[in-house]
Amino acid sequence: MRVKAQVGMVMNLDKCIGCHTCSVTCKQVWTNRPGTEYVWFNNVETKPGLGYPRRWEDNDQWRGGWELDKRGRLRLKAGGQLQKLLKIFWNPNLPTIDDYYEPWTYDYETLITAPLSERDPVVRPHSQLTGKQMEVKQGPNWDDMLAGAPETAGQDPDLRGIQDHVKFAYEQAFMFYLPRICEHCLNPSCVASCPSGAMYKREEDGIVLVDQDKCRGWRFCVSGCPYKKVYFNHKTGKAEKCTLCYPRIEVGLPTICAETCVGRIRYLGLVLYDADRVLEAASTPDEKDLLNAQLSVFLDPEDPEVRAQASRDGIPDDWLEYARRSPVYALAMRYRVALPLHPEYRTLPMVWYVPPLSPVVNALEGDGYEADPDDVFPAIDMMRIPVAYLANLLTAGDSEVIKAVLHRLAAMRAYMRKRQILDETDSEVARAVGMAPPELEDMYRLLAIAKYEDRYVIPKAHTELAQRLSEQPGTCGLDFEGGPGNCGALPRPEESLNERFMMLRQLPVVGPEAAGK
Amino acid sequence: MRLASTFLWVVLPYSAMVLFVAGHIWRYRYDKFGWTSRSTQLLEGRWLAWGSNLFHYGALAAIGGHVLGMLIPTQLTQAVGVSEPDYHLISAVAGSAAGIACVVGFVILVARRAYFPRVRRTTTPIDVATYVLLALLIGLGLAETLAVNAFGGGYNYRDSVAIWFRGLFILDPRPQLMATAPIIYQVHAAAAWLLYALWPFSRLVHVWSIPLQYIGRPYILYRRRYPALRR
Ligand code: HEM
Ligand code: SF4
Ligand code: SF4
């Protein structure tokens, strides 16, 4: 056992209202630069739909992620190391800009410079690639709210096997939103695809990053990521990706996309895992077993043996406390309501999703009629299509797992309704989904009340390590025992961090400090 | 005449060598962020498939040929039993194949750059200079192989150009050897030195980054935030 810590995310899809605030704030912070106009580290897709880049999920075409060879060994779907080098002059699996969209802006100046006239002046779209006037044919969220779905959504790769049953007529359609960021995978195929060794996973928190000084622009990571969450900056010629906002995570703050999430759908927390068993889990023969394989790699932070080994592996004690209170671990492991996106890509993704009940609930609800929670329960089993669709998205096609999760969510609603309206404790409904009443209530607090401190349980990075580094020989030659004293100017790391993150002061105290109050 | 020949065949080569070495050191130290192939595949893929593959495989084969031709003396090939006419035949056939692939690929690449506004917009002045010099080199190299050696009377550059070239490295420059070479070889050599001088400041630095270390490397890489404290 080799214990590593990973910052993971869970998104509760039932609460996503598709407002795109996460996308916009992320873009403002990270990608509003030349070369990344088309890049959205965070994007929100309407499902069913083609997504961004279009049909990114079809890895028969893009060949992202991993597969098993005939002898059951894990290998990159796009081919191994030698094959990559032979294809380095031209990557056969790279999406082109038109698979995303041609970024554009408007000639806003005409609004001011246009001569006086009868009609208002109009701004025209101009390509940010060529500078020429263009016709907008596609955007980063072109099929928002099922726009164009009758014509296009049929090509959604998640409809595999159920195309003939899905209707896009207004009354029969179902939809939900899928916000996506980099999965910061345990077995990242982007890292494995990078010939330069510029991409890496951080030992401390599992964040996957691109070293901009080492990237040589061979662009295999872009096609190697099955989620298409590495992007090519066409100005710098280097790859860029979601950073999990590591400068914020390091000081205990949630990512921008989570912080600004209006629906409060996002959770951030630690998961401990056994790095020695990652390869074995990713090589699980049956795709449908990958979920359980990944769960089995996670380690229980309450287990004394795990804690002892974690300490030996250098995980700080306060991090273990944070791991205990992790909402990500709770939703994925304890309550089993969060699921990984496309586990069949075998990267062991670490952004998990609570599937939405809404496709089922909405179908029960007519105009002005609210669904009775007791009706929802049986409806889950009858609504084959949305469930099969969710299964293609989250469980490699295993509908039973989706049903079990939806049952839990429905049970939570039924239980809490009795609890709050009738002041009754219905342990029957809890037992039916294999949970105890206090567990359902905890889950309710986490999912429905969703307090800031419960959603984001993020330990600070141990910057005293950096301090120790700066104390190493070569930085201040005067500061030895009996020496003339320190060099004076070095601020303590806490101070400089506080300077940079003034907002820290306004934040509620989280972590063990808060627990102790 | 002597001054010109000294400049072209002594000063230019040595200045280019200095610029080549110093330029790479400077670029590596101060512009790692700019060190990339600056791929434009994202902007255009179909033409690049032909252009880039033909050009690169052709160019790499041609460079391999140069290394053989320039660095291995005639005596050595004869010693291993390859006669002079045989050597010329082999070099003419293999060189032509590589050269044609390289030229066709290069034409496609340049046409692509000119034709697609998206790609054209990414072209810098250094790119233009690189393409001009490359065009000269490839064009002349091919002309030498085809016109002079394959179909013309043949010219044994290994007894003049190559000796001059090796002489530069053993600090025994002999410009007179070049001054009497056919003009086509002279232009070729001059353009080559100019390209070497430009090399460290152009996208061509990507050539040194050929990622052979990828072969056999563990797939997943981990890094500590503070590597110096690795336990
Ligand atoms: C040694 C191994 C080499 C590797 C791995 C390599 C790789 C690459 C790659 C990946 C690109 C980007 C293609 C794209 O747009 O996606 C590229 C472009 C280019 N390479 Fe190389 N290259 C190598 C050698 C060379 C050599 C020897 C030359 C010429 C002397 C060269 C000249 C160029 C030029 C001019 C371009 C720009 C093509 C264009 O976009 O018009 N390369 N190379
Ligand atoms: S989701 Fe992120 S970590 Fe996983 S393969 Fe893609 S870029 Fe890499
Ligand atoms: S974690 Fe940060 S970089 Fe990544 S999608 Fe969210 S806001 Fe963007």
Side-chain angles (χ1 to χ4, degrees), chain A residues 4 74 76 81-82 84-85 88-92 94-97 100 102 127 129-132 186-189 191-197 199-205 209 211-219 222 231-232 234-238 250 275 278-279 314 461 465-466 468-469 472, chain B residues 28-60 105 109 116-122 203 205-231:
Chain A
K4 277 196 201 298
L74 199 66
L76 286 172
Q81 294 166 327
L82 196 62
K84 283 241 160 56
L85 288 197
I88 200 165
F89 309 119
W90 180 72
N91 174 353
L94 193 80
T96 53
I97 191 86
Y100 302 84
E102 178 160 2
S127 164
L129 297 180
T130 63
K132 294 202 173 83
L186 296 186
N187 185 36
S189 53
V191 173
S193 305
C194 171
S196 307
M199 293 191 74
Y200 60 98
K201 192 166 175 66
R202 294 215 300 196
E203 293 257 4
E204 293 86 352
D205 51 19
L209 294 172
D211 183 334
Q212 292 290 313
D213 275 351
K214 280 185 97 184
C215 172
R216 297 285 171 259
W218 305 129
R219 34 136 174 71
V222 176
Y231 300 86
F232 196 80
H234 58 82
K235 198 102 189 170
T236 63
K238 303 224 162 178
E250 283 174 8
V278 165
L279 181 62
L465 293 182
R468 269 204 275 150
L469 258 191
Q472 279 177 355
Chain B
Y28 190 76
R29 288 186 66 162
Y30 297 108
D31 188 31
K32 283 204 192 87
F33 181 55
W35 195 294
T36 150
S37 66
R38 281 229 341 274
S39 163
T40 49
Q41 195 184 338
L42 178 78
L43 302 173
E44 197 287 323
R46 264 180 230 149
W47 285 45
L48 188 77
W50 288 99
S52 188
N53 279 328
L54 282 172
F55 169 71
H56 277 100
Y57 280 116
L60 289 179
L109 284 180
F116 294 98
R118 292 172 179 180
V119 186
R120 198 189 316 143
R121 273 258 296 214
T122 68
R203 62 157 12 112
V205 291
H206 75 274
V207 174
W208 315 122
S209 296
I210 177 171
L212 295 174
Q213 77 278 10
Y214 185 46
I215 307 275
R217 185 198 84 185
Y219 271 128
I220 310 296
L221 302 179
Y222 297 95
R223 257 203 234 175
R224 298 202 82 86
R225 278 181 62 209
Y226 305 116
L229 285 176
R230 190 184 299 273
R231 48 195 91 220

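Side chains included, hydrogens not; waters and symmetry mates left out as well; all remaining heavy atoms used. So that the names make sense, note that chain A is the first sequence line, chain B the second, and so on, each numbered from 1.
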Close side-chain approach of A:R216 and B:H206, heavy atoms under 4.5 Å:
no
Can you say whether A:P95 sits under 4.5 Å from chain B via the side chain, the backbone, both, or neither, judging by heavy atoms?
backbone
Should the heavy atoms of other residues, nucleotides or ligands under 6.0 Å from CH2 of B:W47 be counted, would the total exceed 12?
yes
Which portion of B:I210 sits near chain A, non-hydrogen atoms under 4.5 angstrom
backbone
Residue, of A:D205, A:N91, A:T236, that accumulates the most heavy atom pairs under 4.5 Å with chain B
A:N91
B:L54 portion near chain A, given a 4.5 angstrom heavy-atom threshold:
neither
A:D211 side chain near B:R223 side chain, heavy-atom distance below 4.5 Å
yes
Sequence neighbours excluded, which residues qualify as side chain to side chain donor-acceptor pair (under 3.5 Å) partners of B:R118?
A:D98, A:E102
What's the spacing between B:Y214 OH and A:S196 OG if we round to 0.5 Å?
10.0 Å
I'd like to know which of A:H234, A:M199, A:K201, A:K132 tops the heavy-atom pair count under 4.5 Å against chain B.
A:K201
With a 4.5 Å heavy-atom cut-off, do B:Y219 and A:L74 have their side chains touching?
no
Apply side chain to side chain contact (heavy atoms under 4.5 Å, CB included) to residues A:L186 and B:I220 and explain how you reach the verdict.
CA-CA 9 Å; A:L186 296 186; B:I220 310 296; over 6 Å; no
So which part of A:R202 gets closer than 4.5 Å to some heavy atom of chain B, the side chain, the backbone, both or neither?
both
Top residue by heavy-atom pair count (under 4.5 Å) with chain B, among A:L82, A:T130, A:L209, A:V222?
A:T130
When rounded to the nearest 0.5 Å, the distance separating CD1 of B:I215 from CG of A:L85 is 4.5 Å
So which atom in B:R225 and which in A:A461 form the shortest heavy-atom distance, rounded to 0.1 Å?
NH1-CB, 2.7 Å
At their closest point, which heavy atom of B:L42 faces which heavy atom of A:L94, and how far apart are they?
N-CD2, 3.9 Å
Using the ring of each side chain (for Trp, its six-membered ring), is A:F89 parallel, tilted or perpendicular to B:Y57, with breaks at 30° and 60°?
perpendicular
Most heavy-atom pairs under 4.5 angstrom with chain A, which of B:P117, B:G45, B:S209?
B:S209
Does A:K4 reach the side chain of B:Y222, with side-chain heavy atoms less than 4.5 Å apart?
yes
Pairs of heavy atoms under 4.5 Å with chain B: top-ranked of A:N187, A:L76, A:V191:
A:V191
Taking the side chain as every heavy atom from C-beta outward, state whether A:E204 and B:R224 have any pair of such atoms under 4.5 Å apart.
yes
Nearest 0.5 angstrom please: A:Q81 CD to B:L212 CG, how far?
11.5 Å
Below 4.5 Å, heavy-atom pairs only: which of B:R203, B:R38, B:Q41 has the largest tally toward chain A?
B:Q41
Scanning both residues in full, the closest heavy-atom pair of A:Q212 with B:F33 reads OE1-CE1, 3.3 Å
Could you report the tightest heavy-atom contact between A:A192 and B:R217, atom names first, then the distance?
O-NH2, 3.7 Å
Check whether any side-chain heavy atom of A:I88 sits under 4.5 Å from a side-chain heavy atom of B:P211, and report yes or no.
yes
Tell me every residue that passes side chain to side chain donor-acceptor pair (under 3.5 Å) with A:K238, counting only those two or more places apart in sequence or in another chain.
none
Tell me the closest heavy-atom pair linking A:W90 and B:A49, and the distance in Å.
CE2-CB, 3.3 Å
Counting distance only, does the side-chain N/O of B:T36 pair as donor-acceptor with the main-chain N or O of A:G237 below 3.5 Å?
yes
Closest contact, heavy atoms only, B:S37 versus A:W218:
CB-CZ3, 4.0 Å
Interface residue of largest heavy-atom contact number with chain B, from A:V278, A:D213, A:T96, under 4.5 Å:
A:D213
